[in-house]
Protein chains: 2
Amino acid sequence: MKTADPELMRAMNRLSVLDTIRRRGPISRVEISERTELSTTTVSAITGSLLDDGLILTRHEGDIRNEAVRGRPRVMLEVNPDAARVVGAKIAASRMVFVVTNFRGDVLSQLALPIRIDRQPIAVIADLVEDGVRRCVVDAGLSLEDVDSVCLGLPGVIEHRTGHIRSSPIFREINIDFAAEMSTRLSTPTIVESDAHAITLGHHWFGKARDLEDMVLISLEQTLGLGVLHGNRLFRGAGGLSHNLGDLVLGMGPQGIVRLSSQAGESAILGEQQTDGRFAEAVRLGRGMTHVQALIQADDDRLIGAAVRAGEAVGLTIANIVTLFAPPRVILVGSSLALGEPFLNSLRDAYALAIPPSLKGVSELVFDDSTDDFWAQGAAAVALYELYESPWSTTGPAL
Amino acid sequence: MKTADPELMRAMNRLSVLDTIRRRGPISRVEISERTELSTTTVSAITGSLLDDGLILTRHEGDIRNEAVRGRPRVMLEVNPDAARVVGAKIAASRMVFVVTNFRGDVLSQLALPIRIDRQPIAVIADLVEDGVRRCVVDAGLSLEDVDSVCLGLPGVIEHRTGHIRSSPIFREINIDFAAEMSTRLSTPTIVESDAHAITLGHHWFGKARDLEDMVLISLEQTLGLGVLHGNRLFRGAGGLSHNLGDLVLGMGPQGIVRLSSQAGESAILGEQQTDGRFAEAVRLGRGMTHVQALIQADDDRLIGAAVRAGEAVGLTIANIVTLFAPPRVILVGSSLALGEPFLNSLRDAYALAIPPSLKGVSELVFDDSTDDFWAQGAAAVALYELYESPWSTTGPAL
DNA sequence: GAATTTAATTTGCACCTCGAATTAAATAGC
DNA sequence: GCTATTTAATTCGAGGTGCAAATTAAATTC
């Protein structure tokens, strides 16, 4: 149980106000007061302190209501884009994408490195990541000292509180304190987070879940991941672990345990094509899914079969997740969506079949084919969220 | 985002202190201060108000530390058992159990009604429940006016916030506002809660999870239920729904979807024996599991087979739940545990096989064969928790 | 240019927690 | 049996927080 003191109280209300300003664009104090249910007095005090800290800006035009309303016009407030800068990154087996964003989450620069880092030693990966961050920052016309925080999103099981990577398909080692390693390399606070969590928060901030406070996201990539938004916050599991959906068991087959990853993981689908030389080359370069897409459109029977099986497995899994969490919306993301209609149709069919009657209609399936930038932007949102929450410097007593 | 004001702050700290007193038995103010990280000043103020409200009592003996410590002796504080009384109930298809407890959760009276209410019209069930509550209250030497709150735990999908029953195996109807119905009948605030949630909180208060703030419980009865404790609170799913594990899909069989309930539900196991007349009679009376136990000990092959299959299905499911929540402990409860070693062994084996290597050892399986009283006591804990949280009358300004 | 209307700030108050000082209640030593 | 010592608990004053009411600010209407 967390102990409550005036400081916590202020932090909660500050976050509430700041988040309202971020989400509702330019907004007046009165409207903030209505939305947050804080008195106008308190809103004035808090926005005053946010203005002092330079986190928000005033704008005197832009009251969109009917022209010609009487009375003193509302002063609109908005997040100050230049209050901070963060780096967000998506680190995958065959590519890395970096973005630099401002305090509002707008992308200032973007850098994609199509490098296979799969199973390289840690030091090599760390080198590449460090290099990518530095280059992306320079591209934005900034220096690393201008960057307040970095968030790296990567696949696997990650302990958020400590930044430990329990296991990840891109590392040979396990139990790595990657956050500490990168923090010292970059001399900037660095957060390590599951890529699925990153894009979950990304959708909450910028994407297809802006209107919701509860939601579930399923990421279908090399690894199958899960993100749960609960009460406008990421639900990070009991121990702060990220969820690794691929480890879920679908049943007992003749060869023993059948895990989801063996049916719907990227390698499970691509594996069917290993005999083809050109194809293997494409996979090695991280373009497997693009290639697959072409083959499927050319009616490759074996691949279509694999896609259908994968869709079925994922559809059943989603039904189970919905049974447990009953979210109003499920967002599906990831490279496997490129499998196209055979995959999506069998997924939808399996879901419809598997969803229990009592939950029929409570959850809406949404497919999202955002590019890797969006994942990186989500990681930036994770970094920004921690800045929004932190008390900042000038919160102290009035002068 | 909840808006924070001094009142909320006080409520949080009050709950924190009161809960510490409940859990750590007679405890001194200094120790409360250490545990809650509140100053002794604040603890004194809060305990003072709790004493004024009559929720706690002082005890001047009982400082258990070494005899002959110097200094002013600590005054021990404990929950006042007589500050309130609540009724907790477990409503199942073939029986109802009621308990009356005091403010500490001690059972004052207990009443078991072995009646089959399965699929009766609502009015009949409501009559029986009302009757049970009233009789149990009288047995405790009390009148309904002495009772502050009632909590009914029953199987199915229940929306906690509203008290709506979305679906339950014991009702023919769906979408019933049972909480409102019983509140007016008893003219006492009545909460309707999933039985699995009730016993989950029961274990947190009195049972095998007193030492944990995160935990998962799986109930194996007519219905298969799930309770998740997260940060000392019940996790009630995104929409406040309870979880119905039986609806989980295990895979696709030749006849279509295979749900957990078809492998491990009470009726799935008992169903194997429908030809036996005496057995059918036992089932009708709600003693199926007891009977099954006897048959298994007599080496009934068909039943042992069913038990093994059920254990396997449950073991896989638990592995999946652990993959999602990574709790330090999983508690298994419910009548199906009576299936004995064949069931438990195959469950353990399947779990060991299905748990992903990266999560091996993070979760401990605990089997609990508590009787129905304990479920009812858990329901009482749900009712008590809401009383503990509520601000009470005298919280107001100091006089 | 005065009246009206609405926005935002200032003022005064009640409440909360906390550190320091004070009071309370026991033991230890002579 | 008295005082010194030790520890527990309360009291006091300061600083922070939010809110309602009163006040000031900035526009439109007539």
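Basis for what follows: all heavy atoms, side chains included, without hydrogens, waters or symmetry-related copies. What you see is a predicted model, and the numbers here were worked out from it, not measured in a lab. Residue numbering restarts at 1 for every chain, and letters A, B, ... go by the order of the sequence lines.
- Atoms CD1 (B/I46) and C1' (D/dA9) sit 15 Å apart, rounded to a whole Å.
- Rounded to whole Å, atom P of C/dC16 lies 21 Å from atom CD of B/E37.
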Identify each atom pair where a protein N or O and an N or O of nucleotides 22-24 of chain C are less than 3.5 Å apart, giving names and distance.
| residue | atom | partner | partner atom | Å |
| --- | --- | --- | --- | --- |
| C/dA24 | O4' | B/R72 | NH1 | 3.4 |

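- With sequence neighbours left out, the salt bridge (Lys or Arg N to Asp or Glu O under 4.0 Å) criterion links B/D177 to no other residue.
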Which pairs of donor and acceptor atoms, one on a side chain in residues 201-210 of chain B, lie under 3.5 Å apart (sequence neighbours left out)?
| residue | atom | partner | partner atom | Å |
| --- | --- | --- | --- | --- |
| B/H203 | ND1 | B/K208 | N | 3.0 |
| B/H203 | NE2 | B/D368 | OD2 | 2.9 |
| B/H204 | ND1 | B/A209 | O | 3.3 |
| B/H204 | ND1 | B/L212 | O | 3.3 |
| B/H204 | NE2 | B/N232 | OD1 | 3.2 |
| B/K208 | NZ | B/D368 | OD1 | 2.7 |
| B/R210 | NE | B/G207 | O | 3.3 |

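- The CG atom of A/L8 sits 11 Å away from the P atom of D/dG18 (whole-angstrom rounding).
- Between the P atom of C/dT17 and the CD1 atom of B/I32 lies a distance of 14 Å, rounded to the nearest Å.
- Rounding to whole angstrom units, CD of residue B/E34 and P of D/dT7 are separated by 13 Å.
- Evaluation of the side-chain contact (heavy atoms from CB on, under 4.5 Å) rule for A/L57 yields A/E78, A/N80, A/P81 as partners, not counting sequence neighbours.
- For the pair B/V150 and B/V147, the tightest heavy-atom approach, listed with the atom from each and the gap, is CG2-CG1, 4.2 Å.
- Candidate nucleotides C/dA25, D/dA9, C/dT17 were compared by shortest atom distance to the side chain of A/P6, and C/dT17 ranks first.
- With sequence neighbours excluded, the residues satisfying side-chain contact (heavy atoms from CB on, under 4.5 Å) with A/S183 are A/T190.
- Residue A/N13 has a polar side-chain atom (N or O) positioned under 4.0 Å from OP1 or OP2 of D/dG18.
- Comparing A/D5 and A/E31 against DNA chain C, the residue whose closest nucleotide sits nearer the 5' end is A/E31.
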Please list, for nucleotides 19-21 of chain C, all pairs of protein and nucleotide N/O atoms separated by less than 3.5 Å.
| residue | atom | partner | partner atom | Å |
| --- | --- | --- | --- | --- |
| C/dG19 | O6 | B/T41 | OG1 | 3.1 |

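- Within the 4.0 Å cut-off from OP1 or OP2 of C/dC18, at least one side-chain nitrogen or oxygen of B/T42 is found.
- Counting only heavy atoms from C-beta on, A/S44 has its side chain closest to C/dA8 among D/dA9, C/dA8, D/dG18.
- Nucleic acid contact for B/V43: none, since no nucleic acid atom lies under 4.0 Å from a heavy atom of the residue.
- For the pair B/E7 CD and C/dC16 P, the computed distance is 9 Å after rounding to whole Å.
- In this entry the distance linking CG of A/L38 with P of C/dA8 reads 15 Å, nearest Å.
- A/R10 has its CZ atom 20 Å from the P atom of C/dC15, to the nearest Å.
- Counting only heavy atoms from C-beta outward, the side chains of A/V228 and A/F325 approach each other to under 4.5 Å.
- In this structure, the side-chain contact (heavy atoms from CB on, under 4.5 Å) partners of A/T40, at least two apart in sequence or on a different chain, are A/S33.
- OP1 or OP2 of C/dT6 has not a single side-chain nitrogen or oxygen of A/R70 nearer than 4.0 Å.
- Other residues, nucleotides and ligands place no more than 12 heavy atoms under 6.0 Å from the CD atom of A/E7.
- Under the rule for a side-chain contact (heavy atoms from CB on, under 4.5 Å), the partners of B/V75 that lie at least two apart in sequence or sit in another chain are B/R29, B/T58, B/H60.
- Not one side-chain nitrogen or oxygen of B/R74 sits closer than 4.0 Å to the OP1 or OP2 atom of C/dA26.
- Sorted by first and then second residue, the pairs that involve residues 34-50 of chain B and meet salt bridge (Lys or Arg N to Asp or Glu O under 4.0 Å), not counting sequence neighbours, are B/E31-B/R35.
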